[in-house]
Amino acid sequence: MNAPVTPEMAVNVGGIAMRNPVTVASGTFGYGVEYAEWIDVRRLGAITVKGIRLEAWPGNPLPRHVEVPGGMINAIGLQGPGVAGFIGQYMPRLREFGVPVIVNIWGTSLDEYAEVAARLSDVPGVSALEINVSCPNVKAGGASFGTDPAALASVVAAVRRRTKLPVIPKLAPNVPAMGPFARAAVEAGADALSLTNTIPAMAIDIETRRPVLANRIGGLSGAAIHHVALKHVYDAAQAVKVPIIAMGGIFGAREAIAFLIAGATAVAVGTANFIDPTTPLRVIDGIRDYLIRHRMASVSELTGSLQT
Ligand SMILES: Cc1cc2nc3c(=O)[nH]c(=O)nc-3n(C[C@H](O)[C@H](O)[C@H](O)COP(=O)(O)O)c2cc1C
């Protein structure tokens, strides 16, 4: 059998038609428009934008990120222009790219999540909502929505009720087992899942004996978390049937392909964008080369193809 000349790269993630399986991770690619100066963003499968809440938000005080071996710890604190600012400032340009836009949303209460979802629902060019559940639920004592399956289900259901867009909860990695969280999210109405977010972490300056970050704690991302994320993606794919967008330490096609084999339908490049903004494009090309080399006709053949 001859190898296919151009393998099929298109995927459908819970209703989002992507021309290839590669997007960018929220918060590592601005609102997409900033990166258009550096790379051809039209080649991406989708653009996932920085987290949006109801009102403009200043984020945390500086310093709010630090490089560590194998990655970085950030406590940006979800700085952003609020939902109206995002729609007005960024959506007109984002629409011009002709690429699906996944809007990452967050809130400090169920009502806020639901309201942000409702306001984005009929905005032309918005293709899906990714729900960041790694946020404190202010009304329920500050515990994160993402570390309790019942709280996760309640936020997914609240968003689901207010939008017809595909709903993609972004699961937190700091849980004992991913299966119950994946099932809770899907039962509450998720069309797809994305995972994982950063891992809670901290850094200490031993000379001053102070935390390096003003916020004291932050989230670890980059190569250091790849194999943790890989296991979570594998476990989620075993637990549910909906498509998965996988992220965590993708620096080239190798990590992306591992995620696909573990069960992901698409992948997102995060921290690597800060080092080399062409990484997502290299990942697209690398996946295509791999499919050709392995005589696969389509990228969907890779999804869940782990041999045991
Ligand atoms: C600086 C920075 C900002 C981030 N902002 C967000 C955000 O606004 N919403 C969100 O859900 N995840 C956010 N994340 C998490 C990433 O989207 C991603 O899940 C995580 O970094 C793991 O991927 P990576 O190892 O490839 O970076 C952020 C990560 C970084 C490093």
Side-chain angles (χ1 to χ4, degrees), residues 22-32 34-35 46-53 57-60 62-83 86 90 102-107 113 116 128-136 144-146 152 155 159 167-174 193-201 203 213 215 217-230 232-233 244-256 258-259 264 266-277 279-280 282-283:
V22 181
T23 183
V24 286
S26 177
T28 67
F29 205 73
Y31 299 95
E34 301 90 334
Y35 275 77
I47 294 174
T48 308
V49 299
K50 205 162 148 45
I52 299 290
R53 71 171 294 190
W57 188 251
N60 287 325
L62 302 175
R64 51 191 192 178
H65 73 274
V66 57
E67 255 186 82
V68 295
M72 65 183 280
I73 305 175
N74 94 83
I76 304 297
L78 300 163
Q79 180 181 346
V83 70
F86 167 71
Y90 296 106
I102 302 172
V103 182
N104 181 282
I105 63 170
W106 68 283
Y113 274 103
V116 178
L129 302 179
E130 180 180 63
I131 315 174
N132 180 0
V133 296
S134 300
C135 306
S144 162
F145 285 101
L152 170 66
V155 74
V159 169
V167 169
I168 312 173
K170 177 166 176 179
L171 303 182
N174 47 320
L193 301 177
S194 77
L195 59 152
T196 72
N197 215 314
T198 55
I199 299 179
L213 299 174
N215 191 54
I217 57 156
L220 178 66
S221 64
I225 74 167
H226 173 66
H227 292 278
V228 176
L230 189 59
H232 280 320
V233 166
I244 293 172
I245 304 176
M247 66 210 71
I250 298 179
F251 275 76
R254 177 180 289 271
E255 296 80 26
F259 275 135
V267 296
V269 175
T271 300
N273 291 314
F274 298 129
I275 297 160
D276 176 3
T279 308
R282 284 195 291 106
V283 170

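Model, not experiment: these values are computed from the prediction. Each ligand, and each atom within it, is numbered from 1 in the order the structure gives.
At a 3.5 angstrom cut-off on N or O pairs, Lys170 counts as close to ligand 1. For Glu130, no nitrogen or oxygen atom sits less than 3.5 Å from a nitrogen or oxygen atom of ligand 1, counting backbone and side chain alike. On a distance-only criterion, Gly222 and ligand 1 share at least one N/O pair closer than 3.5 Å. Between Gly270 and ligand 1, a contact under 3.5 Å exists for at least one N or O pair.
The heavy atom nearest to atom 16 (C) of ligand 1, out of those in Ser26, Gly249, Ala229, Gly146, is found in Ser26.
Of all protein heavy atoms, the one lying nearest to atom 30 (C) of ligand 1 is Asn74 ND2, 3.2 Å. Scanning the protein heavy atoms around atom 3 (C) of ligand 1, the nearest turns out to be Gly27 O, 3.4 Å. Residue, atom and distance of the protein heavy atom nearest to atom 21 (O) of ligand 1 are Ser221 CB, 3.3 Å.
Atoms of ligand 1 lying under 4.0 Å from any heavy atom of Met247, numbered from 1 in the order shown and given with element: 19 (O). Listed by number with element, the atoms of ligand 1 under 4.0 Å from a non-hydrogen atom of Thr198 are 15 (C), 20 (C), 21 (O). Those atoms of ligand 1 with a heavy atom of Leu78 less than 4.0 angstrom away are 7 (C), 8 (O), 9 (N). Near Asn104, the atoms of ligand 1 lying under 4.0 angstrom from a non-hydrogen atom of the residue are 9 (N), 10 (C), 11 (O). The distance from ligand 1 to the heavy atoms of Ala25 drops below 4.0 Å at these ligand atoms: 16 (C), 17 (O), 18 (C). Shown in contact with Thr196 at under 4.0 Å from a heavy atom are these atoms of ligand 1, numbered in order with element: 19 (O), 22 (C).
A side-chain donor from one of Thr48 and Thr23 sits under 3.5 Å from a side-chain acceptor of the other.
Classification of the Tyr31-Phe86 ring pair by plane angle, with boundaries at 30° and 60°, yields tilted.
By the criterion of a heavy-atom distance under 4.0 Å, both the backbone and the side chain of Asn197 are placed next to ligand 1. Heavy atoms from both the backbone and the side chain of Thr271 come within less than 4.0 Å of ligand 1.
Centroid-to-centroid, the aromatic rings of His226 and Phe259 come within less than 6.0 Å.
Counting non-hydrogen atoms of other residues, nucleotides and ligands closer than 6.0 Å to CD of Gln79 gives a total above 12.
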